[in-house]
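Just so it is clear, the structure is predicted and the values come from calculations on it, not from any experiment. We name chains A, B, ... by the order of the sequence lines, and we start the count at 1 in each one.
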Number of protein chains: 2
Amino acid sequence: MNYFRSRIVIVEDNDAVREGFSLIINSVSNYYVVSGYDNAEDCLKNLKKDKPEIILMDLELPGMNGIEAISAIKKINTSVEIIVNTIYENSELVFQALCAGASGYITKNTSHTELLDAIDEVIQGGAPMSSKIAKLVVNSFQKNPNSPLSARETEVLELLSKGKSYSMIAQELFITKETAKSHIKNIYSKLQVNSKSEAIAKATKEKLI
Amino acid sequence: MNYFRSRIVIVEDNDAVREGFSLIINSVSNYYVVSGYDNAEDCLKNLKKDKPEIILMDLELPGMNGIEAISAIKKINTSVEIIVNTIYENSELVFQALCAGASGYITKNTSHTELLDAIDEVIQGGAPMSSKIAKLVVNSFQKNPNSPLSARETEVLELLSKGKSYSMIAQELFITKETAKSHIKNIYSKLQVNSKSEAIAKATKEKLI
DNA sequence: CATATCATCCCCCAATTAGCGGGAAAATAG
DNA sequence: CTATTTTCCCGCTAATTGGGGGATGATATG
């Protein structure tokens with residue numbers, strides 16, 4: 001009877017919330033909660049025993065935080081799918097969680113149905129995200145439309161950020177080294193920096209490249 | 001009566017599909033189709049007249065392709081929300097579309113309901129994506145788990161990719177310049193490259209950093 | 001316990017690079 | 001028509017890079 005039911009682990013320090021999730025998840029036949037923990041350490045300790053396909057992970061936890069926990073879990077078992085469930089919509093946290101290996105990120109105002117939908121989506125190979133989170137993620141691909149740099153300058157800075165030297169940039173853009181140097185001079189002046197790394201840092205931060 | 005209905009433009013070269021979408025969208029009261037085009041050029045030409053809040057954009061078009069169209073449209077009107085609707089799930093195209101400024105990316109096997117949901121989501125500031133697309137996007141944040149580089153080497157390479165010099169890397173990691181050099185030597189040997197830019201290129205391609 | 005990898009540190013050396021200063025001319029766009 | 005962009009040139013010096021050759025102790029991994 002259990003053969004086709006996905007094993008789920010919940011890490012959530014609020015007992016009421018954790019037990020609520022368990023009830024919701026256990027109420028449908030496709031999956032069941034093998035274990036619930038109020039901290040990441042216990043989850044890690046029992047990972048090999050629990051063998052979950054999916055972990056529902058809170059981020060604000062006592063002791064080890066959720067981001068560290070995701071990294072640690074993924075190091076032990078790369079195939080487990082982790083869905084972050086938190087109140088935080090802070091973009092830094094979102095990207096940290098995704099970089100650490102989260103497969104989905106849903107915020108805590110989600111309904112029971114949305115929670116179950118997220119689990120379904122992960123099982124089907126998707127990446128469930130709350131609406132705002134998806135927007136954050138998509139925005140991260142887009143450049144700042146108010147860049148002070150010209151198209152050519154942006155092109156040069158992009159190559160610079162890939163570690164190319166002046167002469168390599170010149171070669172790739174079919175210009176002389178002097179022209180590349182000239183562009184870089186102008187880039188530095190516009191960004192008010194005076195070195196490659198500062199320029200890259202500023203451009204990355206302001207999404208100019 | 002029209003004041004609160006969102007204006008939608010459809011760019012889709014298949015007449016039947018385009019007209020089908022129009023019927024679906026016009027069947028609900030929240031939005032209506034102001035224009036439909038079978039190519040991007042005509043859409044661009046009429047952008048100021050149509051004043052759409054949302055554009056439903058196909059990628060495979062005669063003449064100017066969808067990616068170029070998105071860039072061109074966004075250059076004219078940064079606030080218009082563009083939802084890509086295509087059969088392609090190719091990751092390169094997805095990222096190009098998002099980088100060009102698409103707010104959503106749905107594939108053509110979506111139901112009428114899902115199409116309308118996507119439009120709703122965009123209006124509410126979200127970023128609708130098909131399940132597979134969301135997974136692609138989320139995966140793009142994650143590193144290759146089979147990196148040949150050690151943690152320290154990865155750290156060094158990350159700083160190198162930010163344009164830092166050997167001495168700056170040494171400073172940031174509290175090691176000597178010689179140690180940084182040593183790490184870089186080992187990185188080059190492991191990646192079988194012999195320069196900074198090659199290393200960064202290979203590491204980026206294989207998502208080691 | 002032996003071997004491998006990792007992280008740290010040291011030397012020498014030559015070629016290239018980066019960034020500073022100063023220009024200038026043609027093309028493009030508003 | 002004026003501002004910006006893109007292209008190109010010169011000289012100069014400090015710094016960087018990447019090649020080579022090592023060594024040490026710690027920590028895994030078998």
Within the structure shown, what part of the strands sits under 4.0 Å from Ser150(B) by heavy-atom distance: base, sugar-phosphate, or nothing? sugar-phosphate

Residues Ala180(B) and Tyr166(B): closest non-hydrogen pair is CB-O, 3.9 Å

Could you check how far NZ of Lys177(A) sits from P of dC9(D), rounded to whole Å? 12 Å

Please list, by residue number, the residues of residues 160-168 of chain B whose heavy atoms come closer than 4.0 Å to an atom of DNA chain D; answer none if no residue qualifies. Ser165(B), Tyr166(B), Ser167(B)

So, OP1 or OP2 of dC6(C): does either fall under 4.0 Å of a side-chain N or O from His183(B)? no

Taking only residues two or more places apart in sequence or in another chain, which ones pass side-chain hydrogen bond (donor to acceptor under 3.5 Å, both in side chains) with Glu206(A)? none

In whole Å, I'd like the distance from the CD atom of Glu198(A) to the C1' atom of dA18(C). 13 Å

Using the side-chain heavy atoms of Thr176(B), tell me which of these nucleotides is nearest: dC10(C), dT8(C), dG19(C). dC10(C)

Does the Glu158(A) side chain pair with the main chain of Glu155(A), one donor and one acceptor, at a distance under 3.5 Å? no

Only counting residues at least two apart or in another chain, list the ones meeting side chain to side chain contact (heavy atoms under 4.5 Å, CB included) with Leu98(A). Val94(A), Ala102(A), Val137(A), Val138(B), Phe141(B)

Please report the distance, rounded to the nearest Å, between CD1 in Ile169(B) and C1' in dT17(D). 11 Å

If we only count heavy atoms from C-beta on, is the Val9(A) to Leu56(A) side-chain gap below 4.5 Å? no

Protein-nucleotide distance (Ile187(B), atom CD1; dC6(C), atom C1'), rounded to Å: 13 Å

Is a donor-acceptor pair below 3.5 Å formed from side chain Glu178(A) to base dC10(D), judging by atom type as modelled? yes

Walking DNA chain C from its 5' end, the first of Lys181(B) and Pro148(B) to be reached, judged by nearest nucleotide, is Pro148(B)

Under 3.5 Å, is there a donor-acceptor pair between the Tyr31(A) and Asp120(A) side chains? yes

Heavy-atom nearest pair, Glu53(B) first then Arg5(B), reads OE1-O, 4.1 Å

Between P of dT5(D) and CD1 of Ile175(A), the distance in whole Å: 15 Å

Mind checking side chain to side chain contact (heavy atoms under 4.5 Å, CB included) for Ser130(B) and listing every partner two or more places apart, or none if nothing turns up? Ile106(B), Thr107(B), Thr110(B), Ile133(B)

Any side-chain donor-acceptor pair under 3.5 Å between Asp58(A) and Tyr37(A)? no

Could you check how far CD of Glu153(A) sits from C1' of dT5(D), rounded to whole Å? 8 Å

To the nearest Å, give me how far apart CG (Leu149(B)) and P (dC6(C)) are. 9 Å

Footprint string (nucleotides 22-30 of chain C, 5' to 3'): B base within contact, S backbone only, - free, heavy atoms under 4.0 Å: B--------

Interatomic distance where CD1 belongs to Ile184(A) and P belongs to dC20(C) [whole Å]: 11 Å

Contacts of Ala134(A) that satisfy side chain to side chain contact (heavy atoms under 4.5 Å, CB included) - sequence neighbours left out: Met129(A), Ala127(B), Met129(B)

Does a nitrogen or oxygen in the side chain of Lys196(A) sit under 4.0 Å from OP1 or OP2 of dG19(C)? no

Between Arg152(A) and dT4(D), does any side-chain N or O lie under 4.0 Å from OP1 or OP2? no

Measuring from the side chain of Tyr188(B) (C-beta onward, heavy atoms only), which nucleotide among dT8(C), dG19(D), dT6(D) has the closest atom? dG19(D)

Using a 4.0 Å heavy-atom cut-off across all strands, classify Asn194(A) as base, sugar-phosphate, or nothing. sugar-phosphate

